[in-house]
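Quick note: numbers below take in every heavy atom, side chains included, and nothing from hydrogens, waters or symmetry partners.
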Protein chains: 2
Amino acid sequence: MSGPISRRVTIKDVAEAAGVGVATVSRVLSGGSASAETRERVLAAAARLDYRPSALGRNLRRQRTGGIGLLVPDVTDTFYARLVDGVLSCARSYGEPVTVGVTGDDPEREAELIGTLIEHSMDRVIAVPSGDGETWAPALRSGLNLVFADRRVRADVPSVVADDRSGVLTAVEYLVGLGHRRIAFLARHGQSQRVAAFTGALAALGLPADPELVVHARASRDSAYAAAAGLLQHRPDVTAVLAGGNVLGEAAVLAARELDVRIPRDVSLVMFDDVPWAELCSPPLTVIAQPAQDIGYRAAELVFRQGRRPPTVTLPTELVVRASCGPRR
Amino acid sequence: MSGPISRRVTIKDVAEAAGVGVATVSRVLSGGSASAETRERVLAAAARLDYRPSALGRNLRRQRTGGIGLLVPDVTDTFYARLVDGVLSCARSYGEPVTVGVTGDDPEREAELIGTLIEHSMDRVIAVPSGDGETWAPALRSGLNLVFADRRVRADVPSVVADDRSGVLTAVEYLVGLGHRRIAFLARHGQSQRVAAFTGALAALGLPADPELVVHARASRDSAYAAAAGLLQHRPDVTAVLAGGNVLGEAAVLAARELDVRIPRDVSLVMFDDVPWAELCSPPLTVIAQPAQDIGYRAAELVFRQGRRPPTVTLPTELVVRASCGPRR
DNA sequence: ACCGCTCATGGAAACGATTCCAGCAGAGTT
DNA sequence: AACTCTGCTGGAATCGTTTCCATGAGCGGT
């Protein structure tokens, strides 16, 4: 056959082989009008040469990269991994490649990645925003087609999020129904939505608000553990804990075990996000399931169909009762 | 300031603003030679206009996309998620974007993705290959710079893998030391390396080979569960199970629970891959830890430094003993 | 028979960068 | 003083595609 490394087959080669002009080849291949005979000749030539149009040339001309950019805090976190999977599976049906970046929940790193994105003329981006969304202002001004997932931090950007309010409310109602009065919320920094939902739920159910019962941690496992251990140690009066995410839940289980606090005898635990290990855990964890994959998929749909877009899509959550909650001790 | 959507700033604008030619701007920005005064003028103009070179233009000219492609079977699997994280973190230090694709362990889907990759002129690719590697032949011929991770299926492609042989051997030795004689291996299709290591280890330790004791499953959770349940049900004589991956291990735990087989009383379990939930599981799982993130990182290093490359990098595994193994019942 | 309309077609411009090449100025050498 | 050498500089070609526009053929209507 050909040598070990062969020059790329270009549209010019196809045109020559088919005995037509390059313009005609381009038209045929992108579904423009052409006579049946010409079309056949071009198609045959393209197939014979195994021609693949260069995305580079096309994108330069079209002034946009087909693919989409995806920024998440951490692919290692099962929740975001599923979100990524959702985006990928939607993008696949459009045949578009997805460029993934990890922000580590750090606005500075996020800004850096945004820079790379626009350098590559990515005009479609899905992101789990890290900070207050201010980082995105310049990109937005340059006409970027952006969708936020999981968090809603700007009113001018369409967002796909889980229904935090109802999720938190259901969980708190459930715990209150079991007799709990002092319920703590283990939150990651930036989960203002959920914190607000939490204090709102407490108020709605006539429980006293104690600002010290919402504990904040950074996104890392270490920080989560420290927060959970601190809470469990210094507030023996809390009888139930709501963890704002799966790493926080994991940390709570680990800390409880270390401090010899029994779940659910000593303290009840509800965790945000249903991950596979929630069922394997001892005890199996009661969770607020979020449609992580769906969030990604819907966000991708939004970014593709860029017609008039609803400002926010809210997806339902579901309380999955297992064995990590008991009556107030 | 400017309007809501502003035209992109090109090298031509910078040249004009600095009163020099485009060639000079390009040289200054890519570190070529220029007089100190010119350099300063150009840099100032570029900064003032907030100029960012278009990767599209550059790549078209250079005939290659800077970024790297990454193909994994499933981002939802913690092991691959960590591998992806490793690649991403290495790529970040080079400032290169990473395009991720999910193959679902399906050679056909893989071939499709390879097509997309070369369409986008990605000349650097890291992949966890799905089939026998035959899919890659055409891409390789076109001069693709490819590195395999986690699996080694072609001798002509540099690969980064965990030390399966020693990992399996250590685990089998450990189980045999506990008195086990009938040990089964739950394998995913395509894990021929590990299966070979397993039968090799049995032979080395003088145990009889029973081909029915290696059970195969596809990559899905359902298939894994079916395989695990089948094994546990039909072979009550096996006293220990080695699971070839974390989804297989998860399936084994679930199936055992369902069938009321106690771990480790009735059957001992060792799982490949140390995932966060292994410790949270009941009982905590003894695992063969693989340096997933490192595998990704090293693979990325290899694909960047494309100097003379060692054919295979083998990374060590470690047996982490927890509580899922006991003496033979 | 002529006009005008539609339609297929190919040449050429454009996208934004890199890089070859030639020109030119200034310094150093004989 | 002429010549060479070095080093900076800008014009122009190039990468592979899409798309604008002009051309020409075919054809139906009056």
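In this structure, G21(A) reaches the sugar-phosphate backbone alone: every heavy-atom distance under 4.0 Å involves primed, P, OP1 or OP2 atoms, never a base. Across all strands, R52(B) comes closer than 4.0 Å only to sugar-phosphate atoms, never to a base (heavy-atom distances). At the heavy-atom level, S26(A) lies under 4.0 Å from base atoms of the strands shown. Within the nucleic acid shown, L56(A) has no heavy atom closer than 4.0 Å to any nucleic acid atom. If you check every strand for non-hydrogen atoms under 4.0 Å, A23(A) touches a base.
Phosphate contact (OP1/OP2 of dG10(C), side-chain N/O of T24(A), threshold under 4.0 Å): present.
In the displayed structure, R58(B) atom CZ is contacted under 6.0 Å by more than 12 heavy atoms of other residues, nucleotides or ligands.
The base of dT18(C) sits with one of its N or O atoms less than 3.5 Å from a complementary donor or acceptor on the side chain of R61(B).
Atom CG in L60(B) sits about 12 Å away from atom C1' in dA14(C), given to the nearest Å.
The side chain of Q63(B) approaches dC15(D) more closely than any other nucleotide in the set dA17(C), dC15(D), dT9(D). Side-chain atoms of S33(B) lie closest to dC8(D) of the nucleotides dG16(D), dC8(D), dT18(D). In the set dG10(C), dT17(D), dA17(C), dT17(D) carries the atom at the smallest distance from any side-chain atom of S54(A). Comparing dT9(D), dT17(D), dG16(C) against the side chain of T38(B) picks out dT9(D) as the nearest.
A side-chain N or O of S130(A) and one of T103(A) form a donor-acceptor pair less than 3.5 Å apart. With no hydrogens or angles considered, no side-chain donor-acceptor pair links S159(B) and R151(B) at under 3.5 Å. Between the side chains of T99(B) and T99(A), at least one donor-acceptor pair of N or O atoms lies under 3.5 Å.
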